[in-house]
Amino acid sequence: MSKNKYLFAFILVTSLFFLWALLHNINPILIPHLKKACRLTDTESSLIDLFVYLAYFLVALPAGLFMHKYGYKKGIIFGLCLYAMGALLVIAAATERSYLFFLCAFFVIASGATFLETVANPYIAVLGPKENSEQRLNFAQSFNGVGSFLAPILGGQFILSGIEYSKDTLDNMSASQLNAYLQTEADSIKVPYLIIAVVVILLIILFAFIKIPEIKGEDDHIHGPTKFSAKVLRHSHTRWAIIAQFFYVGAQVGIGSFFIRYAKFVNDVNEKDAALIWGSVAMVGFMAGRFMGTFMMRYIKAPKLLALYAVINILLLVLAMFTSGELSLYCVVAVPFFMSIMFPTIFALGIKDLGEETKIAASFIVMSIIGGALAPVVMGLISDATESIQKAYVVPLCCFVVILYYSVKTYKVKPF
């Protein structure tokens, strides 16, 4: 296989990283938006994350089985089909203004994204020399960062109306006025998701007509079972990567999902401005952190950089919880820069030296993304119970403590 063929495959598969970045980073916009349109509590609005990440938990193993049997390309195409179908269902859900319908649509989109992540992450990791798999995956994930900052900016501009009526104002509206307002809020989702559906359908057509190489580990023969089974968990570095990824995704999702509420609480920032801050500052920092992290890994070993970034995020969240105003706000805004390398680094370390079992391990690590479903719900419960979204940020703080432990104690590949 020539290097040119690997390069083309790398570029094409890397383009998919934008899609699940869009899914995850539009949620901080959808959560406050549907909270208005469907009149939800913080806990109820957090169910968006629950349904998205529940899909990862339920679909990751079937996605791995599918990929194990049919290969990378068919896994990509099937994932794109699910993604497009879910985007079209969102449009129908907006017409009905049904929160349950919205949740089901997001579940379908997330199921498609699960297939794409289960395929793309291990594919990029094995598409080249194994000694720099962490650096290669971080580089590919850097383009995921493009979606991370574009999603909240575009979502804030084209989905959020900027109209924030108080509860008393809404209660004083007539039934027809209230229904018209709520339907207008719901309908603003339609055009963005129609565009998403069209783009994904074009990608399906593209992948149907191109060839990408199927890659197998060069030392597949020394790694025991090659059938799809839970025996891969005998590798301690894989088990701990699953645990660390669970807590990392919980931290990432929780921090972003409630940022607009947090910005209002600590510094009285309106929703459109908060969305712009999150997209143009926090998520640009996230993207820059990916590129910077890829460069720094030339000089600092990945686990050490992971540990350093975990410590910094712990300190930032302590400040975010116990200060107020702009200091508190921008402590949270700074966190994504130091989160940036965590997902791909944990993923690459978790599948290192597994040969053919790489595909199996990838499915289990993707399953651990269920942490993104649970952390926001816990944060919502804390916020509703204490009437302080600021106190709820203790949840991601605890998550980074677990990541610090992983990066110091448990990441190493041990002889089996």
Side-chain angles (χ1 to χ4, degrees), residues 7 10-11 13-14 17-18 20-21 24-25 117 120-150 237 240-241 244-245 247-249 251-252 255-256 278-320 330-353 365 396-397 399-413:
L7 178 61
F10 181 88
I11 293 170
V13 175
T14 295
F17 283 59
F18 179 86
W20 65 81
H24 301 314
N25 291 283
E117 282 210 59
N121 282 300
Y123 188 72
I124 292 295
V126 301
L127 198 65
K130 65 181 181 181
E131 58 269 16
N132 60 3
S133 60
E134 299 97 330
Q135 187 177 359
R136 189 165 53 253
L137 188 52
N138 266 284
F139 181 73
Q141 287 273 4
S142 298
F143 296 94
N144 172 277
V146 176
S148 298
F149 84 83
L150 283 179
H237 71 288
W240 273 101
Q245 205 71 288
F247 284 98
Y248 165 71
V249 177
Q252 178 185 344
I255 288 168
W278 186 249
S280 63
V281 183
M283 289 296 97
V284 168
F286 184 80
M287 180 184 66
R290 284 263 168 89
F291 286 107
M292 181 65 73
T294 302
F295 174 77
M296 290 178 67
M297 283 181 190
R298 295 181 180 181
Y299 309 101
I300 303 174
K301 290 184 178 180
K304 289 184 178 179
L305 193 61
L306 184 64
L308 174 63
Y309 280 14
V311 169
I312 293 172
N313 276 342
I314 290 168
L315 295 176
L316 285 171
L317 287 175
V318 168
L319 288 172
Y330 282 99
C331 280
V332 173
V333 169
V335 168
F337 180 91
F338 300 101
M339 288 195 305
S340 58
I341 68 160
M342 291 183 174
F343 183 93
T345 301
I346 294 168
F347 201 107
L349 291 172
I351 63 175
K352 204 169 187 66
D353 293 340
I365 296 174
L397 189 157
C399 291
F400 287 122
V401 171
V402 175
I403 295 165
L404 175 61
Y405 178 79
Y406 165 77
S407 61
V408 173
K409 294 288 187 181
T410 63
Y411 70 89
K412 293 181 180 179
V413 178

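Ile341 is not listed as a side-chain neighbour of Met296, based on a closest heavy-atom distance of 4.5 Å or more. Glu117 has its side chain out of reach of Phe347: every pair of non-hydrogen atoms, C-beta onward, lies at least 4.5 Å apart. Looking at Ser407 and Tyr309, their side chains never come closer than 4.5 Å, going by heavy atoms from C-beta outward. Thr345 has its side chain out of reach of Leu305: every pair of non-hydrogen atoms, C-beta onward, lies at least 4.5 Å apart. Between Phe343 and Gln245, the closest side-chain pair of non-hydrogen atoms falls below 4.5 Å.
Residue Ile351 holds its CD1 atom at 13.0 Å from CD1 of Ile346, rounded to the nearest 0.5 Å. Distance check, rounded to the nearest 0.5 Å: CZ of Phe337 to CD1 of Ile312 gives 8.5 Å. With rounding to the nearest 0.5 angstrom, the CZ atom of Arg290 is 8.5 Å from the OG1 atom of Thr294. Here CE of Met292 is found 12.0 Å from CE of Met287. Values are rounded to the nearest 0.5 Å.
Smallest separation of non-hydrogen atoms from Pro336 and Ala282: CB-O, 3.4 Å. Considering every non-hydrogen atom in both Cys399 and Phe247, the closest pair reads CB-O, 3.2 Å. Nearest heavy-atom pair, Met339 versus Gln252, reported as atom, atom and distance to 0.1 Å: SD-CA, 3.7 Å. Here the closest heavy-atom approach between residue His237 and residue Lys352 is recorded as NE2-O, 3.0 Å. Residue Pro344 comes nearest to Ser340 through the heavy atom pair CD-O, 3.9 Å, listed as atom of the first residue, atom of the second, then distance. Nearest heavy atoms, Pro396 versus Leu317: C-CD1, 3.8 Å.
Atom OH of Tyr330 has 12 or fewer heavy atoms from other residues, nucleotides or ligands within 6.0 Å.
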Quick one, Phe400 with Ile403, criterion side-chain contact (heavy atoms from CB on, under 4.5 Å). Give me CA distance, side-chain angles, the key distance, then yes/no.
CA-CA 5 Å; Phe400 287 122; Ile403 295 165; 3.8 Å; yes

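Checking each of Leu316, Leu319, Ile255 against Val332 for a side chain to side chain contact (heavy atoms under 4.5 Å, CB included) leaves exactly one that passes, namely Ile255.
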